[in-house]
Amino acid sequence: MTMDRKNYMRVVFPAKSENESLARILASSMAAQLDPTLEEISDLRTAVSEAVTNCIIHGYKEDSSKEIEMICELYDNYIVVTVADQGCGIADVQLARKPLYTTDPENERSGMGFTIMESFSDELDVESAVNKGTKVRIKKIFHSLGKG
Amino acid sequence: MTMDRKNYMRVVFPAKSENESLARILASSMAAQLDPTLEEISDLRTAVSEAVTNCIIHGYKEDSSKEIEMICELYDNYIVVTVADQGCGIADVQLARKPLYTTDPENERSGMGFTIMESFSDELDVESAVNKGTKVRIKKIFHSLGKG
Amino acid sequence: MELEMKRKGNLLILKVTGELDHHCADELRRRIDREILRTLVKDVVFDFTELTFMDSAGIGVLMGRYRTVSHLGGTTWFLTEGKTSYFKHVMKILEMAGVFNYIHKCKSLKECGV
Amino acid sequence: MELEMKRKGNLLILKVTGELDHHCADELRRRIDREILRTLVKDVVFDFTELTFMDSAGIGVLMGRYRTVSHLGGTTWFLTEGKTSYFKHVMKILEMAGVFNYIHKCKSLKECGV
Ligand SMILES: Nc1ncnc2c1ncn2[C@@H]1O[C@H](COP(=O)(O)OP(=O)(O)O)[C@@H](O)[C@H]1O
Ligand SMILES: Nc1ncnc2c1ncn2[C@@H]1O[C@H](COP(=O)(O)OP(=O)(O)O)[C@@H](O)[C@H]1O
């Protein structure tokens with residue numbers, strides 16, 4: 001069954017760490033139009049925060065002249081948030097998604113970003129190409145709404 | 001004196017009235033990065049709300065398949081919010097900006113939109129072309145920050 | 001936006017809380033007009049003291065109801081004793097629009113003659 | 001993010017409130033490490049009970065301090081008796097990351113031996 005997209009938003013902002021919280025506000029404000037639970041909103045905020053942080057730290061190595069694109073798409077009972085950079089890309093996505101795997105332990109990265117995105121969402125797709133960029137697609141179903 | 005742009009955000013969303021509140025949240029979240037007063041944030045939220053509502057009601061006559069673009073640009077002590085549609089445009093901008101002038105009294109429009117945008121901002125530019133669209137540029141200085 | 005309607009004799013008390021913008025203005029006016037016609041009250045008083053947002057859509061809602069109520073021979077009142085910092089902003093918008101040339105300010109419900 | 005640091009004997013109490021993300025993690029660790037080295041306390045306890053947001057940056061902050069403190073022969077504690085609904089979310093993230101294989105849970109400051 002296909003569902004109609006009820007609302008959406010395409011946002012572009014520079015890869016500055018201030019915008020991690022902005023990205024969370026954007027995604028959760030759009031999700032709030034469906035009236036999900038606070039817990040579901042928390043899950044989404046965390047997943048989006050991980051994705052945006054990864055673009056800033058890993059994709060662009062903190063070069064804030066670069067841009068991140070975020071798309072939020074709202075359906076009957078779920079949201080899809082896509083976060084994309086045009087940064088360094090990931091050579092081995094399967095390896096990168098493993099718990100505790102990180103290329104940046106000096107900055108106290110835990111390697112848990114993808115694991116958290118996965119466990120706080122219902123579907124996680126990662127598309128990446130070296131020197132082209134990375135696109136992460138987070139689908140969060142609001143089971144509390146009991147539809148579909 | 002020119003000032004460096006500290007942050008910005010380009011957003012595109014459909015012309016749905018639900019997105020009036022979303023637009024306010026976007027603009028005020030970006031402005032909040034400067035830590036202005038609540039009153040200054042209220043002024044900005046109101047001005048942005050008027051501009052977005054006008055795109056929906058007048059520019060697109062409530063056709064929610066059309067898109068609105070909003071750009072927020074943050075400087076040292078002010079924000080510039082640009083709201084643009086590609087709708088019907090305004091034939092006589094000077095007349096449209098007059099207090100109480102409205103083409104839509106049946107929908108209880110008061111004709112005070114532009115007047116409110118003007119008095120709650122520090123600069124208001126309106127560019128419009130019939131059948132091309134309308135672009136409103138709102139500059140709000142946060143005088144409380146006492147810079148510049 | 002939430003609307004609470006209470007009747008007190010000939011007066012309909014209309015308390016609107018939350019955010020009043022174009023998005024909810026249509027629902028607001030439909031619900032209020034239905035109640036005015038159903039209860040056949042004479043006067044109405046608006047309580048906007050707990051709004052957290054309002055733009056020019058609020059002017060339209062007030063002036064539209066003013067027209068209906070005047071037509072039926074009644075008076076429209078507006079409570080001015082809000083305590084929130086946002087309420088000052090609401091008053092600024094309404095003063096600017098000249099709404100109080102038509103709608104009567106009141107400090108409390110007592111002044112509306114109930 | 002706000003950081004409140006209090007010393008109680010050999011224990012440094014670190015209360016972090018607000019939002020803990022990558023944006024503020026760097027400042028947080030610099031301020032905490034400076035205080036640990038300045039006061040030469042032995043043990044630290046983290047109070048995350050009033051966070052309103054945390055992502056994996058919180059894991060990094062905890063594990064990084066755990067390493068510093070262990071190196072100096074001390075123990076790292078974590079207060080588990082949060083009352084907010086968001087605190088459950090914080091615990092879920094930390095449990096998932098296996099943080100409590102290293103950092104000791106405690107129900108109150110008394111358990112940290114002060
Ligand atoms: N947007 C991205 N661009 C480039 N590399 C990335 C990106 N996101 C993740 N990675 C790579 O995947 C690894 C694992 O990511 P993650 O699970 O989020 O952990 P962490 O961010 O703590 O390192 C990162 O260390 C990095 O090498
Ligand atoms: N984005 C727009 N596109 C087309 N026409 C517009 C737009 N914005 C404003 N107008 C025109 O200018 C008039 C005055 O606008 P405004 O002062 O906001 O009052 P109101 O929205 O209450 O009509 C509108 O009635 C409309 O004719």
Side-chain angles (χ1 to χ4, degrees), chain A residues 13-25 27-28 37-62 64 68 83 96-102 104-121 138, chain D residues 1-2 16-33 36 46 48-71 76 78 82-103:
Chain A
F13 51 83
K16 285 169 166 279
S17 63
E18 291 94 302
N19 293 336
E20 291 157 12
S21 67
L22 204 68
R24 297 195 291 270
I25 293 171
S28 59
T37 64
L38 268 181
E39 203 187 325
E40 288 167 332
I41 292 268
S42 297
D43 291 354
L44 179 69
R45 286 168 74 212
T46 306
V48 167
S49 197
E50 298 293 348
V52 172
T53 301
N54 277 354
C55 300
I56 296 172
I57 305 183
H58 304 302
Y60 292 134
K61 317 267 182 265
E62 318 239 1
S64 64
I68 297 171
V83 176
R97 290 179 70 153
K98 285 207 158 62
L100 305 175
Y101 176 84
T102 181
D104 196 13
E106 318 84 70
N107 276 313
E108 301 192 345
R109 297 302 296 168
S110 61
M112 290 299 290
F114 279 130
T115 309
I116 288 177
M117 284 183 246
E118 236 163 66
S119 67
F120 286 160
S121 67
I138 298 162
Chain D
M1 182 273 298
E2 303 286 331
V16 188
T17 53
E19 308 212 325
L20 198 181
D21 61 8
H22 156 252
H23 175 62
C24 64
D26 212 46
E27 181 197 331
L28 195 57
R29 71 186 163 214
R30 275 187 288 107
R31 287 175 60 191
I32 295 175
D33 285 352
I36 292 176
F46 281 94
F48 278 11
T49 56
E50 284 171 34
L51 280 181
T52 54
F53 179 78
M54 191 194 83
D55 61 16
S56 72
I59 303 169
V61 168
L62 287 180
M63 291 307 296
R65 304 306 64 68
Y66 162 77
R67 274 181 217 110
T68 314
V69 170
S70 315
H71 193 77
T76 305
F78 185 87
K83 285 188 195 77
T84 70
S85 76
Y86 190 76
F87 188 68
K88 270 187 258 157
H89 193 77
V90 169
M91 288 301 289
K92 205 158 81 176
I93 293 172
L94 297 177
E95 297 276 9
M96 196 183 302
V99 160
F100 300 119
N101 296 327
Y102 307 92
I103 291 173

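Note on naming: letters A, B, ... go to the chains in the order of the sequence lines (proteins, then strands), and numbering restarts at 1 for each one. Note that the structure is predicted; figures quoted are calculated from it, not measured.
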Does D:Arg29 pair with D:Asp26 as a salt bridge, N-O distance under 4.0 Å?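 Salt bridge between D:Arg29 and D:Asp26, a charged N being under 4.0 Å from a carboxylate O: yes.
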I'd like to know if D:Glu95 and D:Lys88 make a salt bridge, using a cut-off of under 4.0 Å between side-chain N and carboxylate O. no
Do any of residues 50-57 of chain D have a heavy atom less than 4.5 Å from a heavy atom of chain A, and if so, which, in residue order? D:Thr52, D:Phe53, D:Met54, D:Asp55, D:Ser56, D:Ala57
Interface check, chain A: of D:Ser85, D:Ala97, D:Gly98, most non-hydrogen pairs under 4.5 Å belong to D:Ala97
Indicate the atoms forming the closest heavy-atom contact of A:Phe120 with D:Ile93, along with that distance.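 Minimum heavy-atom contact is CE1-CG1, 3.5 Å.
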Shortest non-hydrogen contact between A:Ser49 and D:Asp21, atoms and distance: OG-CB, 4.4 Å
Most heavy-atom pairs under 4.5 Å with chain D, out of A:Lys16, A:Glu50, A:Arg109, A:Glu108, belong to A:Glu108
Atom pair [atom1]/[atom2] of [X] and [Y] - distance to nearest 0.5 Å:
X        : Y       : atom1 : atom2 : result
D:Phe100 : D:Leu62 : CZ    : CG    : 7.5 Å
D:Glu2   : D:Leu20 : CD    : CG    : 12.0 Å
D:Leu94  : D:Phe87 : CG    : CZ    : 7.5 Å
D:Met91  : D:Phe78 : CE    : CZ    : 6.0 Å
D:Asp33  : D:Thr68 : CG    : OG1   : 4.5 Å
D:Met1   : D:Arg31 : CE    : CZ    : 6.0 Å

How would you list, in number order, the residues of residues 52-62 of chain A that have a heavy atom less than 4.5 Å from chain D? A:Thr53, A:Ile56, A:Ile57, A:Glu62
Those residues of residues 110-118 of chain A that come under 4.5 Å of chain D on a heavy-atom basis, listed by number, are A:Ser110, A:Met112, A:Gly113, A:Thr115, A:Ile116
Heavy-atom distance under 4.5 Å to chain A: side chain of D:Met96, backbone, both or neither?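 D:Met96 touches chain A through backbone and side-chain heavy atoms alike.
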Does A:Asn107 reach the main-chain N or O of A:Asp104 with its side chain, forming a donor-acceptor pair under 3.5 Å? no
Any donor-acceptor N/O pair, A:Glu40 side chain to A:Thr37 backbone, under 3.5 Å: yes
Hydrogens and angles aside, do A:Arg45 and A:Ser28 bring a side-chain donor and acceptor to less than 3.5 Å of each other?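 There is no such pair between these side chains.
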Between A:Ser21 and D:His23: side-chain donor-acceptor atoms closer than 3.5 Å: no
The interface call for A:Ser119 against chain D, heavy-atom contacts under 4.5 Å, is side chain
If the condition is salt bridge (charged side-chain N to carboxylate O under 4.0 Å, His left out), which residues does D:Lys92 pass it with, not counting sequence neighbours? A:Glu39, A:Asp43
